[in-house]
Amino acid sequence: MKKIDFKKELNKEQYGVVTAGNGPHLVLAGAGSGKTRTLVYRAAWLIEQGVRPEKILLLTFTNKAANEMIERVRKLLSIKNNDKFPLWGGTFHSVANRLLRIYGKQIGIQSDFTILDRDDSDKLFKTIGKELFKNISAKNKPAPALLRETISFANNSKISIEESLEHKFPEWLPLLAYFEKVATEYKRRKKESNVLDFDDLLLEWKVLTAHPDVAKIFAKKWEYVLVDEYQDTNVIQAEIIFNLSREHKNILAVGDDAQSIYSFRAADIRNILEFPDKFKNCQLHKLETNYRSTPEILNLANQIIADNGNQFKKNLKAVKDSHTRPELVALRSNLEEAWFVADRVDQLLDRGMNAKGIAVLFRAAHHSQALEMELNKRGIAYEMRGGLRFFERAHVKDVLAYLKVLGNFRDEVAWLRILEMYEGIGPVTAQQLYRRIVEIKDIKELPDSKIELASKAGNSWSKIMEIFTRLIRSEEQNVGKLLNIIINPYGDYLSEKYTDYRQRQDDLDQLVIFASEYEALDLFLHEISLQETFSGREGRQEDGGNIVLSTIHQAKGLEWDAVFVISMTDQSFPHPLCVREEEKEEERRLFYVAATRAEKYLYLTYPLSMFRYDGHKSLKASPFIVDLDSNLFQHNELSRGVTYASDGVEYVVDEDYKESDDNGFLPDASDW
DNA sequence: AGATTTACTATTTTT
DNA sequence: TAGTAAATCT
């Protein structure tokens, strides 16, 4: 095994964390301080010290982050690809998923469930809402997502539905009784369907870690627990961590309170603030050197966050050389904004920058629409993150529903989804059918069941039975081949329902390729609901990769040479629904996260008007921008007025703007 | 009664 | 665009 020169490869702060002894540690890591690097080296150091890799548990915010870290540890230790390397980890949810299946049986909790993702939860809430809210007028009916959010928030922060409702949607408090009724029924239906939703995964894992027998097994299993992005954990997750490290106390939590952006999902900043109280003899480390950004970008970021009251004081220092200041640009409309960004991207690419070094970030997924059209028009390849993910697309969910039923016969949401696709079967008939279907003991008896329906619906039912008969009778193990049985007849439905069916068919082809890697249906089903990275349409991969379009939330932890933050208007940032002071502070932290993604070039843009279905709307700069000292920017277009011409070619109207182009704030090829 | 079509409206962030 | 509600079919 190669010896790593930890002292040489890390700075003093990082070295302190990496070589920290046993016991609880809290690491307050600023943006760009090499947090991931530090965790990777920590794992490598432990292994060099003789800790077996399988004794380390790595908990991260995405599975992708975990996989990348593990790869880096492997490389660092020069472990060959085909050598076994049992270090593992992932998100709380995916780890919970695996553990519940293994250890659930031991203490008598569900272990053969399928997973209900967000969309499925909404479907179930919708069904239940319709049943229970029948006598309430349409306008006064809470949407399924609203029910789900309220109940989920209560679960994840250990508060009552009433408190949750008061916090999230106080205007709905008069309907409290209904929320509670729906919550009870939702729980019952999940149990009947043998499914767990995202909340259940955490809650059940917590039950598992609290059980004396299992707790002992876990304490032995992992001697070291490393948790990344600790600022975005919720109360349940903090309890899980506490239980996991109860015996050995070897917990290392890394986080940045200034980057806490998930409180809508019950992430609780108190987890970090109160960590030292909860874990006695905890050592506190700080990583305050910023390796990512230029001093100009860091200055801006520091001022963005300075106004926030509730935070650990950190003093981030830049080590990079001075470069140009961030640029602030006002455009006349969202279309011009798209042209501007596309032009700039073109220029950056022309001058030799790698496409994968460029990202465009925004507050909400739909802010990218105009830009996407413009990039498509110009043939600039991009990768879209945020918004609807692959496994959430309607057609993908449609075909997967058959597999879900095959894997878990009682899955109500999957059954309703299938049934309602067919002619003559609507919500009512589907529900009746489902009730009769679950009376059957085993899926193998389904083809022989005597369920019959009148004319049109009857025809549909035999079509459904035909597919299931083929699925059940086929001895096929390969999931790709199973999928083909479904996709062949589904194709007709697809082309009938969607005008863009060609593209959707492509998605399904991708899905078959992905599924062909799996020889066991169970494993496939378990993984897809928690898979956040597979994007389906990979597109043409250009040599230098693709530029990235992403919501700010999904950009967490990532970095690029050049970052555009678009749609920085008063109507989108902070989001207008954020009224409470603490909500505004979180929005400011979100802005901070966006700005600190940039290494060298940062552009903030905002349109002064927006075209919408109902005409056009006037916009102003985000108050967050107005608050900032204009000297921080290369240009302050606020005081200068409109800059961009709409023909999409002659875009430099403002003289200063042109001049500055020559000042070198646009990179030369020699810059990288 | 229940399915299907049509018209309308409102748009956060997600493991 | 996507989800919902009213209007119209079967």
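Just so it is clear: chains get the letters A, B, ... in the order the sequence lines come, proteins before strands, and each one is counted from 1.
Whole-Å rounding puts the A:H367 NE2 to B:dT11 P distance at 13 Å. Per the geometry, CD belonging to A:Q369 stands 13 Å off C1' belonging to B:dA10, to the nearest Å. The distance from atom NZ of A:K64 to atom P of B:dT14 is 15 Å, rounded to the nearest whole Å. Taking atom CZ on A:R589 and atom C1' on B:dT13, their separation rounds to 13 Å, with Å as the unit. One can place CZ of A:R393 at 13 Å from P of C:dT1, the figure rounded to the nearest angstrom. The interatomic distance linking A:F198 (CZ) with B:dT14 (P) rounds to 13 Å, in whole Å. The distance between atom CD of A:E423 and atom C1' of B:dT4, rounded to the nearest whole Å, is 9 Å. In this structure, CD of A:E149 is placed 14 Å from C1' of B:dT15, rounded to the nearest angstrom.
With distances taken from any side-chain atom of A:H93 to the nucleotides B:dT14, B:dG2, B:dT15, the minimum falls on B:dT15. The listed nucleotides are C:dT4, B:dG2, B:dT14; the one nearest the side chain of A:P144 is C:dT4. Between B:dG2, B:dT13, B:dT14, one nucleotide has an atom nearer to the side chain of A:R265 than all others, and that is B:dT14. Considering only side-chain atoms of A:F61, the nucleotide from B:dA3, B:dT15, B:dT4 that sits closest is B:dT15.
If you look at A:F275 and A:Y230, their ring centroids are closer than 6.0 Å.
Using a 4.0 Å heavy-atom criterion, one finds that A:I261 contacts no nucleic acid atom at all.
A stacking contact between A:Y262 and B:dT14 is absent: the pair does not combine a ring-centre distance of less than 5.5 Å to the base's six-membered ring with planes differing by less than 30°.
Under the side chain to side chain donor-acceptor pair (under 3.5 Å) criterion, A:E239 pairs with A:K158, A:K206, not counting sequence neighbours. Scanning for salt bridge (Lys or Arg N to Asp or Glu O under 4.0 Å) contacts around A:R72 gives an empty result, with sequence neighbours left out. Judged as a salt bridge (Lys or Arg N to Asp or Glu O under 4.0 Å), and not counting sequence neighbours, A:E420 has no contacts. Residues forming a salt bridge (Lys or Arg N to Asp or Glu O under 4.0 Å) with A:E581 (at least two apart in sequence, or on another chain): none. In this structure A:D570 satisfies the side-chain contact (heavy atoms from CB on, under 4.5 Å) test together with A:L619, A:K620, A:P623, sequence neighbours excluded.
Of the two residues contacting DNA chain B, namely A:A430 and A:E586, the nearest-nucleotide position lying further toward the 5' end is that of A:A430.
Checking the phosphate oxygens (OP1, OP2) of B:dT15, no side-chain nitrogen or oxygen of A:S94 falls inside 4.0 Å. For the OP1/OP2 pair of C:dT4 and a distance below 4.0 Å, the side-chain nitrogens and oxygens of A:K126 include at least one atom meeting the criterion. Between B:dT15 and A:Q554, a contact under 4.0 Å exists linking OP1 or OP2 to a side-chain N or O.
A salt bridge is defined here as a Lys NZ or Arg NE, NH1 or NH2 lying under 4.0 Å from an Asp or Glu carboxylate O, and A:R589 with A:E586 meets this definition.
With a 3.5 Å limit on both pairing distances and Watson-Crick or G-U wobble geometry required, the stems of 3 or more pairs in DNA chain B span B:1-10 with C:1-10.
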Take A:D119 and A:R417, measure what salt bridge (Lys or Arg N to Asp or Glu O under 4.0 Å) needs, and give me the verdict at the end.
CA-CA 12 Å; A:D119 190 55; A:R417 179 161 205 125; 3.7 Å; yes

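Comparing C:dT4 with B:dT13, their C1' atoms sit 23 Å apart, to the nearest whole Å.
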